[in-house]
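The structure appears below as structure tokens.
Here is the naming used below: chain letters follow the sequence lines, and residue numbers restart at 1 for every chain.
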2 protein chains.
Amino acid sequence: MTTLTDVTDGATAKGEQTRELILSTALRLFREQGYGKTTMRAIATEAGVSVGNAYYYYSSKEHLMQAYYDHLQVLHREAVQEILAGDKSFAKRLIGVLRTWLDVSEPYHEFAGTFFKTAAEPKSPLSPFSEESRPAREASIEIFRQVVEGSDLKLPADLRAELPELLWLMQMGIVLFWVHDDSTGLRRTRLLITSTVPLVDRLLRLTRIPGVKGVVNDLVGVIRQLKGV
Amino acid sequence: MTTLTDVTDGATAKGEQTRELILSTALRLFREQGYGKTTMRAIATEAGVSVGNAYYYYSSKEHLMQAYYDHLQVLHREAVQEILAGDKSFAKRLIGVLRTWLDVSEPYHEFAGTFFKTAAEPKSPLSPFSEESRPAREASIEIFRQVVEGSDLKLPADLRAELPELLWLMQMGIVLFWVHDDSTGLRRTRLLITSTVPLVDRLLRLTRIPGVKGVVNDLVGVIRQLKGV
DNA sequence: TCCGCTTCTTGAACATGTTCAAAAGGCTGG
DNA sequence: CCAGCCTTTTGAACATGTTCAAGAAGCGGA
């Protein structure tokens, strides 16, 4: 059920401690030397346990990555509350949320690529679309729901209902870009955000124009259809 | 220089033969048992050569995948000429090209995920955005240039110039969807194509409306900026 | 023909993610 | 305190992608 862990039933306090020791050691090594160069043996040795023990808690190296991702999720959600409590402008809220994600994730940028490599594989439970990562995904979408709800944006109800998920998809796109971005200070990704958000904002407000509205309605229909089928 | 091969200088006829033997054996095994379950040892044995010999021609298992991808590219380009010579309707041309890609790629759908897994990793030379796959990418974009050029679509010049690359991006999106699509007969991906293409078509024709035009201009500007920076 | 150079081929060795049977540790009811 | 049972831990063994030093094969020129 949980995405973070593989074993939770009958867990012991000692066990929990070991699990966290392994995770924190792994994340530190990932940060220090990258995902690829960190071996399971190194993680185990550094944490003072055996290799098999690491596998007892995390069924693969990639699951350790997944755990990191969930961790980021929580950090993001927390870091974003201030912004969501303040501004009412839709564009500002969206920019704030996206930039915060960037800030929170920055320390991991170098090896994040490896995670999204795995995430791109459909069968992998680590895919952002998978059943297993549903909780994390929904938590993410929830943030965008807050972005929309608390904003000044006026929209037809059906589009408004669909929007959070669309914004999440937009974020996935930005993440994809971010992963490939090796400009200093992530200049290009920041540029992407500051230039696309106002566009999205304007585009959404254009939905009042009759001709545009028709297209948008169809678009929403398509998305619904694809989700259902 | 080439994307298909690692060693080309001073190649012998015999050498070329071995290279092709290894590639065709690999592709066959990939198709028969999937990418993951096909070991380099199996490929070598089946081809009647040593493991090291396979590595002499293809510097990694993933490069064998890359070779398959280039192969698909050629098949697609050829299969698409008939359509491009016929219809003038932009929507029909685009649908035709996308569907043909689907048909050409169908036999490999099962293990294609593994390729795109790799492709999603930024540093990988197999990434569709990488320098190494530039030739394949440009060949792909060229197809979409043909789609636009020979069509009845009337567009502002700057958008028209940018459009082929945007359509290629759209195809990347569809591929991403396709990789995740396990519906029978790829029903969902086909649905995605038949429902989004008319939308794109309508959206493009909307660019005459002043308010929309402004947004589109900005969008083109953003894309240019991001490509340049 | 023989020498030297490049091309090609080999297979053992290596690195590392993963598995598994066995043992150790710890808890609870009797 | 013991027996039984679940949790935790171990490390050797395994699978497989990859490397590499060594040799074989081919070829062109003297």
Side-chain angles (χ1 to χ4, degrees), chain A residues 2 5-23 25-26 29-30 33-68 111 114-115 117-118 121 123-126, chain B residues 2 5-23 25-26 29-30 33-68 111 114-115 117-118 121 123-126:
Chain A
T2 96
T5 61
D6 295 290
V7 183
T8 38
D9 301 321
T12 299
K14 174 113 177 292
E16 271 321 294
Q17 205 173 323
T18 307
R19 178 205 301 287
E20 271 156 38
L21 175 63
I22 291 168
L23 178 57
T25 305
L29 291 183
F30 287 167
Q33 21 177 275
Y35 179 82
K37 285 182 185 158
T38 304
T39 69
M40 289 302 282
R41 283 167 184 77
I43 294 171
T45 303
E46 194 79 1
V49 300
S50 69
V51 201
N53 202 8
Y55 276 93
Y56 178 73
Y57 290 105
Y58 298 93
S59 56
S60 74
K61 191 180 175 187
E62 284 170 351
H63 274 77
L64 279 166
M65 200 74 160
Q66 165 82 310
Y68 133 77
F111 70 95
T114 315
F115 177 69
K117 164 181 171 169
T118 303
E121 193 178 35
K123 290 162 204 160
S124 165
L126 279 64
Chain B
T2 95
T5 62
D6 296 289
V7 183
T8 38
D9 302 321
T12 299
K14 173 112 178 294
E16 271 321 294
Q17 205 174 324
T18 308
R19 178 207 298 289
E20 272 157 37
L21 175 63
I22 291 168
L23 177 58
T25 306
L29 291 183
F30 286 167
Q33 21 176 277
Y35 179 82
K37 284 183 185 159
T38 305
T39 69
M40 289 302 282
R41 282 167 184 78
I43 294 171
T45 303
E46 194 79 3
V49 300
S50 70
V51 202
N53 202 8
Y55 277 93
Y56 179 73
Y57 290 103
Y58 298 93
S59 55
S60 75
K61 191 180 175 185
E62 284 170 350
H63 274 77
L64 279 165
M65 201 73 160
Q66 165 81 312
Y68 133 76
F111 70 94
T114 317
F115 177 70
K117 164 181 172 169
T118 304
E121 192 178 35
K123 290 162 203 159
S124 165
L126 279 65

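The side chain of A:Y55 contributes no N or O atom lying less than 4.0 Å from OP1 or OP2 of C:dC20. Put simply, B:N53 has no side-chain N or O that comes within less than 4.0 Å of OP1 or OP2 on C:dC8. Look at B:Y56 and you'll find a side-chain N or O under 4.0 angstrom from OP1 or OP2 of C:dC8. At the phosphate of D:dT9, OP1 or OP2 sits under 4.0 Å from a side-chain N or O atom of A:T18.
Under a cutoff of 6.0 Å and an axis angle of 45°, A:K61 and A:F30 do not form a cation-pi pair.
In this structure, NZ of A:K14 is placed 15 Å from P of C:dA24, rounded to the nearest angstrom. B:L64 has its CG atom 12 Å from the C1' atom of D:dG17, to the nearest Å. If you measure from atom CD of B:E62 to atom C1' of D:dT18, you get 12 Å, rounded to the nearest angstrom. Taking atom OH of B:Y57 as the reference point, atom C1' of D:dT18 lies 18 Å away to the nearest angstrom. Distance CG (A:L21) to P (D:dT8): 14 Å, rounded to an integer number of Å. Atom CD in B:Q33 sits roughly 14 Å away from atom C1' in D:dT16 (whole-Å rounding). When the C1' atom of D:dA15 is taken as reference, atom NZ of B:K61 falls 11 Å away, rounded to whole Å. As a whole-Å value, the separation of A:K37 NZ from C:dG17 P is 14 Å.
Both A:Y35 and B:V51 lie near DNA chain C, and the one whose nearest nucleotide falls closer to the 5' end is B:V51. Toward the 5′ end of DNA chain D lies the nearest nucleotide of A:G48, the other residue of the pair A:R41 and A:G48 mapping further downstream. Take the nearest nucleotide of DNA chain C for B:S50 and for A:M40: the residue whose nucleotide is more 5' is B:S50.
When each of B:V49, B:L23, B:T38, B:V51 is checked for a side chain to side chain contact (heavy atoms under 4.5 Å, CB included) with B:I43, only B:T38 meets the rule.
For B:A47 against B:T25, the heavy-atom pair with the smallest separation is CB-OG1, 3.6 Å.
For the pair B:E62 and B:Y35, the minimum side-chain heavy-atom distance is below 4.5 Å. Using a 4.5 Å heavy-atom threshold, the side chains of B:R19 and B:Y58 count as touching.
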